Amino acid sequence: MKIVHTLPLVALLLAGGALAEGAHWGYHGQHGPKHWEGECQMGKAQSPINIRTAAATPADLPALTFQYQPSGVQLVNNGHTVQLNIAPGSRIRIGEDVYELLQFHFHTPSEEQINGKPADMVAHLVHKNDQGQLAVVAVLFKVGAENAALKSFWKDLPRKEGKQELDLQFNAFDLLPENFGYYAFSGSLTTPPCTEGVRWQVLKEPVTLSRAQLNAFKKIFPMNARPVQPLNDREVKASK
């Protein structure tokens, strides 16, 4: 994975991947993904991807150890998604590698596909290590039982762009499924400028959210998913 410049990328991530300056972008029409610039068009290791489970290579991947804790959160509508910025202190260990949790945000439908099918929604949990390298954990959601973790802040989903501090301590661990088996590959940010060198972990086991919870998000962002990108010569590994 290549090393990226820390300060610009952190600013980028805290803005939900949106460019602070430059061309307007979105998910439809003349500002849609076909017209995104930079690595979005020229990159060869772009995200998201379609994960073909039969083609994934079984591997002894390092365990994911989530060292998350209750944290103060800032709720943001950045015009592209709803994002929760997390106060420092929550981390993930991937084997011996340690990454700090910066934020998580949502896409509907899921940007990742499993055997050609997206889930109803996905949460991307974005982490950064001391070298400025990024690791994203994707948690897939399917419609079913109400999600208790989402319920704690879902009523506060901001319909207009802006930021607000939430009067709660949120533990991102509550978003995770029971099992941490995952697919691993090298990819990119899924929004402009689509910077590559991102370490991706897509959890195999989905979690649920209710139809009402999904509809509440879709009233704000009916569709905010980038289409899947060519795998090219990348290998997708699956934890055993």
Side-chain angles (χ1 to χ4, degrees), residues 1-22 38-40 43-49 59-76 78 80-81 83-107 111-112 122-139 163 165-166 169-177 180-203 234-239:
M1 183 186 303
K2 68 182 181 182
I3 295 177
V4 293
H5 297 293
T6 304
L7 289 179
L9 191 49
V10 170
L12 175 71
L13 287 167
L14 294 181
L19 288 168
E21 298 179 359
E39 286 189 67
C40 304
K44 300 299 182 183
Q46 289 289 292
S47 296
I49 63 169
D60 291 319
L61 295 176
L64 302 181
T65 304
F66 294 94
Q67 299 174 331
Y68 291 171
Q69 63 184 26
S71 304
V73 293
Q74 182 186 64
L75 188 61
V76 181
N78 59 29
H80 303 287
T81 188
Q83 173 176 308
L84 280 84
N85 295 333
I86 303 296
S90 292
R91 300 175 180 85
I92 185 175
R93 289 183 177 271
I94 308 176
E96 298 301 316
D97 301 325
V98 180
Y99 299 81
E100 181 89 9
L101 177 62
L102 299 178
Q103 52 101 332
F104 61 89
H105 59 269
F106 302 92
H107 299 272
E111 296 192 301
E112 302 73 22
V122 67
H124 288 163
L125 292 90
V126 182
H127 309 73
K128 179 182 68 69
N129 67 11
D130 289 341
Q131 291 73 49
Q133 298 168 323
L134 301 180
V136 179
V137 174
V139 179
K163 303 176 182 179
E165 305 294 330
L166 293 186
Q169 294 283 301
F170 185 81
N171 192 338
F173 190 85
D174 295 337
L175 290 171
L176 304 175
F180 300 152
Y182 66 100
Y183 300 103
F185 59 93
S186 179
S188 71
L189 299 179
T190 66
T191 56
C194 308
T195 308
E196 295 185 349
V198 178
R199 184 176 185 174
W200 278 88
Q201 291 74 209
V202 178
L203 297 185
R234 287 176 288 172
E235 182 181 28
V236 177
K237 296 181 179 181
S239 62

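Side chains included, hydrogens not; waters and symmetry mates left out as well; all remaining heavy atoms used. In this chain, numbering begins with 1 at the start of the sequence shown. What you see is a predicted model; the values in this text were computed from it and never measured.
- Inter-residue side-chain proximity for Leu61 and Tyr183 is flagged as unmet; no heavy-atom pair is nearer than 4.5 Å.
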Quiz item: Would His127 and Leu125 count as a side chain to side chain contact (heavy atoms under 4.5 Å, CB included) if you check the C-alpha gap in whole Å, the side-chain angles of each, and the deciding distance to 0.1 Å?
Solution: CA-CA 7 Å; His127 309 73; Leu125 292 90; 3.7 Å; yes
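- Contact record, Pro193 with Glu39: O-CB, 3.6 Å, taken as the closest heavy-atom pair.
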Practice problem: Go through His80 and Thr191 one step at a time and tell me if the side chain to side chain contact (heavy atoms under 4.5 Å, CB included) criterion holds. | Solution: CA-CA 9 Å; His80 303 287; Thr191 56; 5.8 Å; no
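- Ring-plane geometry between His105 and His124 is classed as perpendicular, the angle between the planes exceeding 60 degrees on a 0 to 90 degree scale with a lower cut at 30.
- Annotation: side chain of Phe66 is not in contact with side chain of Leu101 (no heavy-atom distance under 4.5 Å).
- In this structure a side-chain-to-backbone donor-acceptor pair under 3.5 Å is missing from Gln69 to Gln67.
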Exercise. Evaluate the criterion side chain to side chain contact (heavy atoms under 4.5 Å, CB included) for residue pair Asp97 and Gln133; output intermediate values, then yes/no.
Key: CA-CA 10 Å; Asp97 301 325; Gln133 298 168 323; over 6 Å; no
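- A distance of 11.0 Å separates NZ of Lys44 from CZ of Arg234, quoted to the nearest 0.5 Å.
- In plain terms, the two heavy atoms of Pro192 and Cys40 that are nearest each other are CA-SG, 3.8 Å.
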Exercise. Give the intermediate values and the outcome of side chain to side chain contact (heavy atoms under 4.5 Å, CB included) for residues Leu64 and Ile94.
Key: CA-CA 5 Å; Leu64 302 181; Ile94 308 176; 3.9 Å; yes
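- Nearest heavy-atom pair across Tyr182 and Pro62 is OH-O, 2.6 Å.
- By the 4.5 Å heavy-atom criterion applied to side chains, Leu203 and Val137 are counted as neighbours.
- What you find for Leu189 and Leu134 is that their closest heavy atoms are CD2-CD1, 4.0 Å.
- In this structure, CZ on Phe173 lies 11.5 Å from OG on Ser90, to the nearest 0.5 angstrom.
- Note: Tyr68 OH to Ile86 CD1 = 9.0 Å, rounded to the nearest 0.5 Å.
- Here Trp200 contributes atom CH2 and Ser186 contributes atom OG; the two are 11.0 Å apart, rounded to the nearest 0.5 Å.
- Going from atom CD of Glu165 over to atom CG of Leu75 covers 9.5 Å, rounded to the nearest 0.5 Å.
- When atom types are taken as modelled, the side chain of Glu111 and the backbone of Ser47 share no donor-acceptor pair closer than 3.5 angstrom.
- Between the side chains of Asn85 and Gln83, a donor-acceptor pair is found at a separation under 3.5 Å.
- For Glu112 (side chain) and Ile49 (main-chain N/O), no donor-acceptor pair under 3.5 Å exists by modelled atom type.
- Lys163 contributes atom NZ, which lies 9.5 Å from atom CG of Asn78 (distance to the nearest 0.5 angstrom).
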